[in-house]
Peer 1: 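Sending over a structure as structure tokens; questions will come in a sec.
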Amino acid sequence: MKRRGILNDALAGAIARLGHTDLVVVGDCGLPRPPGVPVVDLAVTFGVPTFAQVVDLLAEEIVVEQATMATEVREANADALRLVTERFGDPRWVRHEDLKALSATARLLVRTGEATPYANVVLRCGVPF
């Protein structure tokens, strides 16, 4: 039994398989699941786990080259914007519809229990050197 870190075996394995430039989507429970993109569904109930908890966990596990968010988050979800900016710097901006299209090219979608509008981010993996 692990003492710390990720206990969800599907998420731990998916993270281990990520490479440079792969995209990881952290999505709220309302973000559509793109066909063909592997999903690790962490949602237990509305709000559990939170977007912030999952983003913080991934920030410890992967190198993020760039974060991408929907322009709508600036008006609709200041908390998500603040969290992503603190963890990864200023995000790249796209319309929400374009974020959903970008999600279809991701290597992994991690679904949270978050039920707050626009609690979604696309993370582009980097390398630790």
Peer 1: Apply side-chain contact (heavy atoms from CB on, under 4.5 Å) to residues Thr85 and Asp90 and explain how you reach the verdict.
Peer 2: CA-CA 5 Å; Thr85 302; Asp90 291 332; 3.7 Å; yes
Peer 1: Report all side-chain donor-acceptor pairs from residues 5-14 shorter than 3.5 Å, counting only partners two or more places apart or in another chain.
Peer 2:
unit_1 : atom_1 : unit_2 : atom_2 : d
Asn8   : OD1    : Ala10  : N      : 3.0
Asn8   : OD1    : Leu11  : N      : 2.9

Peer 1: Hydrophobic clustering (ILVMFWY, side-chain heavy atoms < 4.5 Å, transitive) - are Leu109 and Leu99 grouped together?
Peer 2: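 Yes; Leu109 is reachable from Leu99 via cluster members.
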Peer 1: By the salt bridge (charged side-chain N to carboxylate O under 4.0 Å, His left out) test, which pairs, at least two apart or in different chains, include something from residues 42-68?
Peer 2: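 Sorted result for residues 42-68: Asp56-Arg87, Glu65-Arg124.
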Peer 1: Can you check whether Gly27's main-chain N or O pairs, donor with acceptor, with Thr112's side chain at less than 3.5 Å?
Peer 2: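 Here the side-chain-to-backbone pair exists.
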Peer 1: Of all the heavy-atom pairs spanning Gly19 and Cys125, show the shortest one and how long it is.
Peer 2: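 Answer, listing the atom of Gly19 first, then Cys125: O-CB, 3.4 Å.
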Peer 1: Determine all donor-acceptor pairs shorter than 3.5 Å in which one atom belongs to a side chain in residues 28-40; sequence neighbours excluded.
Peer 2:
unit_1 : atom_1 : unit_2 : atom_2 : d
Asp28  : OD1    : Gly30  : N      : 3.0
Asp28  : OD1    : Leu31  : N      : 2.9
Asp28  : OD2    : Ala119 : N      : 3.4
Arg33  : NH2    : Asp41  : OD2    : 2.4

Peer 1: How would you list all residue pairs meeting ring-ring contact (aromatic ring centres under 6.0 Å, His included) that involve residues 20-44, not counting sequence neighbours?
Peer 2: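 Every candidate ring-ring contact (aromatic ring centres under 6.0 Å, His included) pair involving residues 20-44 fails, so no pair, neighbours aside, qualifies.
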Peer 1: For residues 47-105, pull every pair meeting ring-ring contact (aromatic ring centres under 6.0 Å, His included), keeping only residues two or more places apart or in separate chains.
Peer 2: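 Counting only pairs at least two positions apart or across chains, the ring-ring contact (aromatic ring centres under 6.0 Å, His included) contacts touching residues 47-105 are His96-Tyr118.
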Peer 1: Say whether Leu18 and Leu23 are linked into one hydrophobic cluster, either directly or through other cluster members, by side-chain heavy-atom distances under 4.5 angstrom.
Peer 2: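 Shared cluster, no.
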Peer 1: Taking ILVMFWY side chains as joined if any heavy atoms are under 4.5 angstrom apart, and letting links pass through other members, which residues group with Val44?
Peer 2: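 Grouped by the 4.5 Å side-chain rule, Val48 form the rest of the cluster around Val44.
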Peer 1: Okay, side chain of Thr105, backbone of Leu102: is any donor-acceptor separation there less than 3.5 Å?
Peer 2: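 Side chain of Thr105 to backbone of Leu102: a pair is present.
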Peer 1: Locate the shortest heavy-atom distance separating Pro117 from Asn77; write the atom from each residue and the value.
Peer 2: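 Scanning both residues, the minimum pair turns out to be O-ND2, 2.9 Å.
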Peer 1: According to a hydrophobic-cluster definition based on side-chain heavy atoms being under 4.5 Å apart (Ile, Leu, Val, Met, Phe, Trp, Tyr only), do Leu81 and Val64 belong together?
Peer 2: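 In one cluster: yes.
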Peer 1: Looking at every heavy atom in both Leu123 and Val121, which two are closest together, and how far apart are they?
Peer 2: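 Here Leu123 and Val121 meet closest at CD2-CG2, 3.8 Å.
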Peer 1: Can you list every salt bridge (charged side-chain N to carboxylate O under 4.0 Å, His left out) pair that touches residues 67-76, not counting sequence neighbours?
Peer 2: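 Of all non-adjacent pairs touching residues 67-76, none passes salt bridge (charged side-chain N to carboxylate O under 4.0 Å, His left out).
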Peer 1: What pair of heavy atoms forms the shortest contact from Val122 to Ser103, and how long is it?
Peer 2: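 Smallest heavy-atom distance, with atoms named: CG2-OG, 4.3 Å.
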Peer 1: Heavy atoms only: give me the nearest Val84-Ala67 pair and the separation to one decimal.
Peer 2: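 Closest pair (atom of Val84, atom of Ala67, distance): CG1-CB, 3.7 Å.
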Peer 1: With Arg92, which residues qualify under salt bridge (Lys or Arg N to Asp or Glu O under 4.0 Å), at least two apart?
Peer 2: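 In terms of salt bridge (Lys or Arg N to Asp or Glu O under 4.0 Å), with neighbours along the sequence ignored, Arg92 is linked to no residue.
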Peer 1: Roughly how far apart are Ile15 CD1 and Leu57 CG, rounded to 0.5 Å?
Peer 2: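 The distance works out to 6.0 Å.
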Peer 1: Going by the rule side-chain hydrogen bond (donor to acceptor under 3.5 Å, both in side chains), which residues pair with Thr50 if we only count those two or more places apart in sequence or in a different chain?
Peer 2: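 If we apply the side-chain hydrogen bond (donor to acceptor under 3.5 Å, both in side chains) test to Thr50, skipping adjacent residues, the hits are Gln53.
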Peer 1: Are Leu58 and Val73 in one and the same hydrophobic cluster, where Ile, Leu, Val, Met, Phe, Trp and Tyr link if side-chain heavy atoms are under 4.5 Å apart?
Peer 2: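 Yes; Val73 is reachable from Leu58 via cluster members.
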Peer 1: Could you check Leu42 against Val110 for side-chain contact (heavy atoms from CB on, under 4.5 Å), going step by step and ending with a plain yes or no?
Peer 2: CA-CA 7 Å; Leu42 300 178; Val110 182; 3.6 Å; yes
